[in-house]
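Just so it is clear: chains get the letters A, B, ... in the order the sequence lines come, proteins before strands, and each one is counted from 1. Because the structure is a prediction, the values reported are computed rather than measured.
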Amino acid sequence: MKLYNTLTRKKEEFVPLREGKVTMYVCGPTVYNLIHIGNARPMIVFDTARRYMEYKGYEVNYVSNFTDVDDKIIARSLEEGIPAEQVSARYIEECKKDMEAMNVRPATVHPQATQEIQGMIDMIRTLEEKGYAYNVNGTVYFRTRKFKEYGKLSHKNLDDLRSGNRALQVTGEDQKEDPLDFVLWKPKKEGEPSWQAPWSDGRPGWHIECSEMAKKYLGEEIDIHAGGEDLIFPHHENEIAQSECCNGKPFARYWLHNAFLNIDNRKMSKSLGNFFTVREIGEKYDLQVLRFFMLSAHYRSPLNFSAEIMESSRNALERILTAADRLRELEQSAAEESLLEQEKEKRQEMKSFREKFQEAMDDDLNTADAISAVFELVKFANTEAVPEGSREFAGILRKELEELCGILGLKTERKAEVLDEEIEEMIRQRQEARKARDFARADAIRNELLEKGILLEDTREGVKWKRA
RNA sequence: GGCGUCGUAGCCAAGUGGUAAGGCAAUGGUCUGCAACACCAGUAUCCACCGGUUCAAAUCCGGUCGACGCCUCCA
C-alpha cells in the first residue's frame, strides 16, 4: 500500500521496519474537557488505517497517548478546586466513551504523560550530556541550532522562522540562546503539579512526552507517526529533534497528517469557541454517522461539517444498513438452501467490489473511493439477492458487506432495541385496521407513531419499524 | 512575507494524460391500499477563468480570480 509521507511530500510504498509488524504512534488529545469533533477526525481516520493494515495481515502495535499535564488542565483544576489528576482522569474516561461510540478501538497502549515522567527526565539528561540541551535557572531548552536537520518535516527555512519569531524574543524569552529553542523542562509555579528533576521541581514540556512514550512503547525507530496537520510544526518537528538527537537514529519513517475539519466553512478552534463536542453530536446522531461522514472525504482534504451534510451522511449510511438487514432476513427466509448455478457466477462477479475497495485503500487510504465500492456492493446485493434465491448466497453477500464495512469501522447491525409496550400495542392495532381495510385509521396510527419518532414500513415479511 | 493546500452537478465527493465513480437531494416510472424500502430511467458535451504543450487535458505548464491551512496553544 502507498502512504503519503509528509517528510518526503510523496506517496511512498509502505514497507515496515520488521516484516509483518507495524509500529504506529498517534498523538492523542489533551484531556481538559470533552473531546470535540475535530479531535475525532484523527481518531477515526487512523483507527481506520490500523484496521486496514490488520486486514492486510500486519500486526499493528498502535499507541496513542493522553496528555494529562498541561496549562489548560491546571487552569481547569484551579477553576473547579480539584486536583489536576481528577480533571484528567474524568476526561480520559469520557473520551473513552466517545471513542467506543465512534467504534474507535482502544489502542494497544494508551500511555499518560504523568506516568512516564522518569523516562522523559532520562531523555532530557541524555540530550544535556550530548550538548543538545541547556539549563537556564531550572528551565531546560533544546538547542535547535545544533540539530542540522531541524525543519526537515515542516520544510521550513530556519532563518525565516527566526525573523518571524522576533515578537517572541522581546516578550520574555530572552534567556533562550536562539528564538527557535523550545522547552524540555520547566520549573513549577505555585500550586502546579510537579516532579523532582535535576534542574528544578517542575514538569516536562509538551513535545518530550511523545518522544518518550513512542520510544518506550514502540522503540527508538518507528514505522508510522500520525496526527493532525497542525502538529507538523512545531510539535512533530520538535519530536524529531529530541528523539533523533537522543537516540542517534531516525525516528519515524512515515509521517501521516490529517487535514482539518471546518464548521460551516469556518475553522473550528477552542479559542474561538465555535466547536461541537462529540458528545453533543452523539445526542442528535448515532456516532456511526459521524464516522461515516469523516470517512466520506480523503483524510488529507479539508472537510466541512454542517447539519445538511450530516443529514446526507445519515441517509447514506441508512442505505447500507437497510441492505444488510434485508440480507439477514433472506438468510432466514430464502427459498433454497445452497448456492444455485447462476449464483455461483454472481459470486465471482461480487469479487470486483472488494478489489476496488482494496485498490482505493492501498492508494493512501482513499476511504471515499472505498465507500463507493461498498455502495456498488449494496446495489448488487439489492438486485441479485432475491427470495427465490438461496440462503447461502444471501449469507455470502452479508459477510462481504460486513467485512468491508468492518474495515471502515462501520457496524452493519443496528443496536437491538425494545419498543415500549404502548407502541407495540399501537402497531398491533394498526395491523388490525389494515386487515379490516380501515386505511384511514391505519394511516392515523402510522402518523401518530411517526410523531413519536417511529417509522413503519410494511414489507412482505410483515411490518418493520425504525427510528425516524 | 515564507511554506503549503484547494476550486468537479443543488449538496457531498472520487478521478490527476485517453474522453466524468459513488452517495444525498430532486424528477418520472415499477412495486405498495397509500407510504416507506428496493429497483428502473434520465440527470455535468463538461471539471473556477484565460492562454500554452499534446494526436489527446478536469488531469501537464504559465497566468488570473477565489477559498483555506501552517509559520503562536490547537486534531
Side-chain angles (χ1 to χ4, degrees), chain A residues 6 9 26-30 32 35-46 70-72 151 154-165 167-168 171 180 206 226-235 237 257-262 265-272 275 292-293 295-298 300-304 306 308-320 322-323 325-326 356 360 363 366-379 381-383 385-386 433-434 437-440 442-443 446-447 450 455-460 463-466 468:
Chain A
T6 306
R9 290 185 170 169
V26 180
C27 286
T30 300
Y32 67 98
I35 59 164
H36 57 69
I37 56 176
N39 290 309
R41 191 169 188 189
M43 287 179 182
I44 289 170
V45 159
F46 298 120
D70 154 278
D71 288 344
K72 279 175 286 212
S154 51
H155 302 92
K156 293 193 181 299
N157 177 307
L158 299 196
D159 293 330
D160 289 342
L161 276 175
R162 290 201 172 92
S163 61
N165 270 289
L168 272 182
T171 53
L180 293 185
W206 174 38
E229 65 179 352
D230 56 313
L231 297 182
I232 295 171
F233 190 90
H235 185 54
E237 195 71 71
H257 294 97
N258 64 277
F260 260 63
L261 181 78
N262 296 315
N265 293 311
R266 292 197 56 199
K267 187 190 169 182
M268 173 163 92
S269 83
K270 291 167 191 171
S271 50
L272 284 176
F275 70 89
F292 180 91
F293 159 74
L295 297 177
S296 68
H298 188 93
R300 284 189 292 114
S301 302
L303 181 59
N304 189 48
S306 72
E308 187 191 357
I309 299 167
M310 281 299 281
E311 284 302 314
S312 165
S313 298
R314 191 174 64 88
N315 293 339
L317 184 60
E318 191 58 39
R319 178 172 161 83
I320 295 173
T322 303
D325 285 345
R326 185 171 165 276
K356 180 181 173 181
D363 182 17
N366 192 336
T367 51
D369 215 12
I371 286 174
S372 81
V374 172
F375 277 108
E376 285 172 31
L377 173 63
V378 164
K379 178 139 185 173
N382 284 340
T383 313
V386 292
R434 286 181 70 212
R437 305 193 71 77
D438 182 357
F439 295 121
D443 290 353
R446 185 168 61 192
N447 287 335
L450 189 58
L455 188 70
L456 292 188
E457 294 177 8
D458 301 320
T459 73
R460 278 160 74 162
V463 65
K464 292 199 296 191
W465 66 271
K466 64 183 178 187

- Message: Please give the distance between the P atoms of B/U16 and B/C61 as a whole number of Å.
- Response: 15 Å

- Which value, in whole Å, describes the distance between the C1' atoms of nucleotides B/G63 and B/U27? 42 Å

- Under a 3.5 Å cut-off for both distances, is B/A26 Watson-Crick or wobble paired, and to whom? none

- Message: Under a 3.5 Å cut-off for both contacts, is B/U45 paired Watson-Crick or G-U wobble with anything, and if yes, with which nucleotide?
- Response: none

Return the nearest nucleotide to the side chain of [X]; candidates are [options].
X        : options             : answer
A/His298 : B/A14, B/C39, B/C71 : B/A14
A/Ala297 : B/C70, B/A21, B/A13 : B/A13
A/Arg437 : B/A38, B/G15, B/G33 : B/G33
A/Asn315 : B/C12, B/C24, B/A35 : B/C24
A/Ser312 : B/A14, B/C24, B/C70 : B/C24
A/Asn382 : B/A36, B/A38, B/G33 : B/A38
A/Ala368 : B/A13, B/C73, B/G33 : B/A13

Checking only heavy atoms, does the side chain of [X] share a donor-acceptor pair with the base of [N] at less than 3.5 Å?
X        : N     : answer
A/Arg446 : B/A35 : yes
A/Lys267 : B/C74 : yes
A/Asp458 : B/C34 : yes
A/Asn366 : B/G15 : no

- Note on the structure: When every non-hydrogen atom of A/Ala360 is compared with those of A/Ala370, the smallest separation belongs to CB-N, 3.6 Å

- Considering all heavy atoms of both residues, which atom of A/Ser154 and which atom of A/Phe233 are nearest to each other, and what is their separation? OG-CD1, 3.4 Å

Base, sugar-phosphate or nothing for [X]? Non-hydrogen atoms, less than 4.0 Å.
X        : answer
A/Glu376 : sugar-phosphate
A/Leu261 : base
A/Lys379 : sugar-phosphate
A/Ile37  : nothing
A/Gly227 : sugar-phosphate

Salt bridge present between [X] and [Y] (N-O < 4.0 angstrom):
X        : Y        : answer
A/Arg314 : A/Glu311 : yes
A/Lys156 : A/Glu237 : no
A/Asp325 : A/Lys466 : no

- Query: Going by 5.5 Å between centroids and 30° between planes, is there a stack of A/Phe375 over B/G22?
  - Reply: no

- Roughly how many Å is it from CD in A/Glu457 to P in B/G33, rounded to a whole number? 15 Å

- Task: For B/A14, take OP1 and OP2 only and decide whether either is under 4.0 Å from a side-chain N or O of A/Ser301.
- Result: yes

- Task: Pick out which of A/Thr459, A/Asn382, A/Val378 makes a side chain to side chain contact (heavy atoms under 4.5 Å, CB included) with A/Arg326.
- Result: A/Asn382

- Task: Please tell me which of A/Pro29 and A/Phe233 maps to the more 5' nucleotide of RNA chain B, matching each residue to the nucleotide holding its nearest heavy atom.
- Result: A/Phe233

